[in-house]
Amino acid sequence: MTDGMFSEVLKTFLVKYGKEWDGREKHKIVGKTPLEEAAIIVEDYGLPCAKHEFVNEVYSMFSDHLCKVKALPGANRLIKHLSCHGVPMALASNSHRATIESKISYQHGWKESFSVIVGSDEVRTGKPSPDIFLEAAKRLNMEPSSSLVIEDSVIGVVAGKAAGMEVVAVPSLPKQTHRYIAADEVINSLLDLRPEKWGLPPFQDWIEGTLPSEPWYIGGPVVKGLGRGSKVLGIPTANLSTEGYSDVLSEHPSGVYFGWAGLSTRGVYKMVMSIGWNPYFDNAEKTIEPWLLHEFDEDFYDEELHLVIVGYIRPEANFPSLETLIAKIHEDRKVAERALDLPLYSKYRDDPYLKITSSKGQ
Ligand code: ADP
Ligand code: RBF
Ligand code: MG
């Protein structure tokens, strides 16, 4: 239950008790069983109800919301890929089996892809005990040592390692990598999983260093950033405000993307950008930083900038020096410049969104 929807339900629930959910407890409940979750929240908020009452109430509210839960970025792609290649898959969660089943019933093709489901109510102890994973391997008829666990919680990583499995962590909260040291690898999103590293068939949808996506759209006036782009890196980025884009941004992991940029009074240009916290600078705020691949004679703050984003290049990374960061960004530029000439991507140059002169909206 580590998705945004659960926070929404909790918020509503706590209001009934005159309390406010501030999300601070989020890292404490990630990966816990429903009862453990309840114990933490009931205690932290001093709620006048018993753990099981909490569970019953919250989960009945929650089940009304399950149909709105969106798959994580890259989840459908991964599931389709593995099931096309006949890789046996299990869903092993600290949630109860009934919750898991109703949750995945809204995701197209998932039920058929997971031949085994194990909930924490089906074993003696939930994660971090290895029971859930060992039971999953047993039902799949697989050796634990030849199983790969993909986990978003620290507790789950510990459970996977205790089961003798290889574990890739995909933290559900940003800036948490350091808490996942037990994992064999920590990746930023499922888009970054390289199945061949784990003896699984590689993805075949990468094209010349880029991963195509359905186009997505963001735009608004160019705002002041932290003043580092041109000054520190020699790479100006026309920052957009993240306000109003929380939905789009939560559907797309932080990382380096590319596409087309339309400036209301000037034209349409190739564009490569980073979205995220810029690990090298460890910014407190998430920023959207498009670099328009064109030489301009002047600044264009406050001008309307519209972006059509057509693909992904890589996750944001930290670098040992400013020089290596700059070199990497120039490499991104080359990848984007070349890819945008492919018909697959070049066709979006004519997207009407790039020519709209009014503010926001698609
Ligand atoms: P800030 O931190 O305020 O974003 P930057 O040093 O990143 O400052 O500079 C970005 C500004 O430079 C943009 O807002 C824009 O007005 C201008 N600019 C000039 N050329 C470009 C370009 N090729 N791509 C993006 N912005 C550019
Ligand atoms: N910053 C990072 O800390 N890590 C990165 O991997 C990274 N990649 C970037 C890729 C591109 C294409 C661009 C335009 C910027 C990238 N930056 C990255 C962001 C850079 O640090 C940022 O533009 C400056 O901090 C200016 O605000
Ligand atoms: Mg900038």
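Both ligands and their constituent atoms are indexed starting at 1 by order of listing.
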Proximity of [X] and [Y] rings by center, below 6.0 Å:
| X | Y | value |
| --- | --- | --- |
| W216 | Y257 | yes |
| F258 | Y312 | no |
| Y269 | F296 | yes |
| Y180 | H178 | no |

Considering only the protein, which heavy-atom contact is closest to [atom], and what is its distance?
| atom | result |
| --- | --- |
| atom 13 (C) of ligand 1 | A238 CA, 3.7 Å |
| atom 19 (C) of ligand 2 | N278 OD1, 3.3 Å |
| atom 1 (P) of ligand 1 | G225 N, 3.3 Å |
| atom 23 (N) of ligand 1 | L292 O, 2.8 Å |
| atom 10 (C) of ligand 1 | T237 O, 3.2 Å |
| atom 13 (C) of ligand 2 | I329 CG2, 3.7 Å |
| atom 9 (O) of ligand 1 | S230 OG, 3.3 Å |
| atom 21 (C) of ligand 1 | P236 CG, 3.6 Å |
| atom 20 (N) of ligand 1 | F296 CD1, 3.6 Å |
| atom 17 (C) of ligand 1 | D299 OD1, 3.5 Å |

Sub-4.0 Å atoms of ligand 2 with respect to non-hydrogen atoms of [X]:
| X | answer |
| --- | --- |
| L325 | 1 (N), 2 (C), 4 (N), 5 (C), 7 (C), 18 (C) |
| V272 | 12 (C) |
| G229 | 26 (C) |
| L233 | 20 (C), 21 (O), 22 (C), 24 (C) |
| E289 | 14 (C), 22 (C), 23 (O), 24 (C), 26 (C), 27 (O) |
| V256 | 8 (N), 10 (C), 12 (C) |

(request) Considering non-hydrogen atoms only, spot the tightest contact between L140 and P88 and give its length. (result)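 Result for this residue pair: CD2-CB, 4.1 Å.
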(request) Give a yes/no on ligand 2: does F258 have at least one heavy atom closer than 4.0 angstrom to it? (result)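 False for this residue.
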Side chain or backbone, does [X] bring an N or O within less than 3.5 Å of an N or O on ligand 2?
| X | value |
| --- | --- |
| P315 | no |
| A317 | yes |
| Y280 | yes |

(request) For H306 and Y353, indicate whether the former's side chain and the latter's backbone hold a donor-acceptor pair under 3.5 Å. (result)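 Yes, the answer is positive, given that a donor and an acceptor are paired below the 3.5 Å cut-off.
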(message) I'd like to know if the side chain of N278 reaches the main chain of Y280, judged simply by a donor and an acceptor atom lying under 3.5 Å from each other, with no hydrogens or angles considered.
(response)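 It does not hold such a pair.
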(request) Give me the protein N, O or S atoms that fall under 2.8 Å of the Mg ion (ligand 3), sorted by chain and residue number. (result)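 Sorted hits: T237 O, T237 OG1, N239 OD1.
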(message) Test of understanding: clusters of I, L, V, M, F, W, Y form through side-chain heavy atoms closer than 4.5 Å, transitively. Do L72 and V154 belong to the same one?
(response)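 Different hydrophobic clusters.
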(message) With a 4.5 Å cut-off on side-chain heavy atoms, are D282 and W277 touching?
(response)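 Of all side-chain heavy-atom pairs linking D282 with W277, none is under 4.5 Å.
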Are [X] and [Y] close enough that a side-chain donor and a side-chain acceptor fall under 3.5 Å?
| X | Y | result |
| --- | --- | --- |
| W110 | N76 | yes |
| T99 | E101 | no |
| T324 | S321 | yes |
| S129 | T125 | yes |
| T265 | E303 | yes |

Provide the number and element of each atom of ligand 1 under 4.0 Å from a heavy atom of [X].
| X | value |
| --- | --- |
| R228 | 2 (O) |
| H294 | 23 (N) |
| K224 | 3 (O) |
| V222 | 14 (O) |
| G229 | 6 (O), 7 (O) |

Counting heavy atoms only, which part of [X] comes closer than 4.0 Å to ligand 2: side chain, backbone, both or neither?
| X | answer |
| --- | --- |
| L226 | neither |
| T237 | side chain |
| T287 | neither |

Would you find more than 12 non-hydrogen atoms of other residues, nucleotides or ligands less than 6.0 Å from [X] atom [atom1]?
| X | atom1 | value |
| --- | --- | --- |
| K175 | NZ | yes |
| R338 | CZ | no |
| H108 | NE2 | no |
| E285 | CD | no |

Atom pairs and distances, donor-acceptor, side-chain atoms in residues 223-237, under 3.5 Å, two or more places apart:
unit_1: R228; atom_1: NH2; unit_2: N283; atom_2: OD1; d: 2.5
unit_1: T237; atom_1: OG1; unit_2: N239; atom_2: OD1; d: 3.2
unit_1: T237; atom_1: OG1; unit_2: E289; atom_2: OE1; d: 2.6

(request) Please state which part of E289 comes within less than 4.0 Å of ligand 1, counting heavy atoms only: side chain, backbone, both or neither. (result)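 Within the 4.0 Å criterion, E289 makes no contact with ligand 1.
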(request) Pick whichever of R314, K231, E316 has a heavy atom sitting closest to atom 8 (N) of ligand 2. (result)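 Among R314, K231, E316, the closest heavy atom to atom 8 (N) of ligand 2 belongs to R314.
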(request) Have a look at Y301, F300, W291 and point out the one with the heavy atom closest to atom 19 (C) of ligand 1. (result)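 Result: the heavy atom closest to atom 19 (C) of ligand 1 is in F300.
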(message) Is the positively charged end of R77 above the ring of F203, judged by distance under 6.0 angstrom from the centroid and angle within 45° of the axis?
(response)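 Checked: cation-pi criterion met.
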To the closest 0.5 Å, what do you measure between [atom1] ([X]) and [atom2] ([Y])?
| X | Y | atom1 | atom2 | answer |
| --- | --- | --- | --- | --- |
| E20 | L14 | CD | CG | 9.5 Å |
| S213 | H252 | OG | NE2 | 6.5 Å |
| F133 | K161 | CZ | NZ | 11.5 Å |

Polar atom proximity, [X] to ligand 1 (N or O, under 3.5 Å):
| X | value |
| --- | --- |
| K231 | no |
| L293 | no |
| I235 | no |
| G227 | yes |
| E298 | no |
| N239 | yes |

(message) Between E304 and R266 (salt bridge meaning N to carboxylate O under 4.0 Å), is one present in this structure?
(response)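 Salt bridge absent between E304 and R266.
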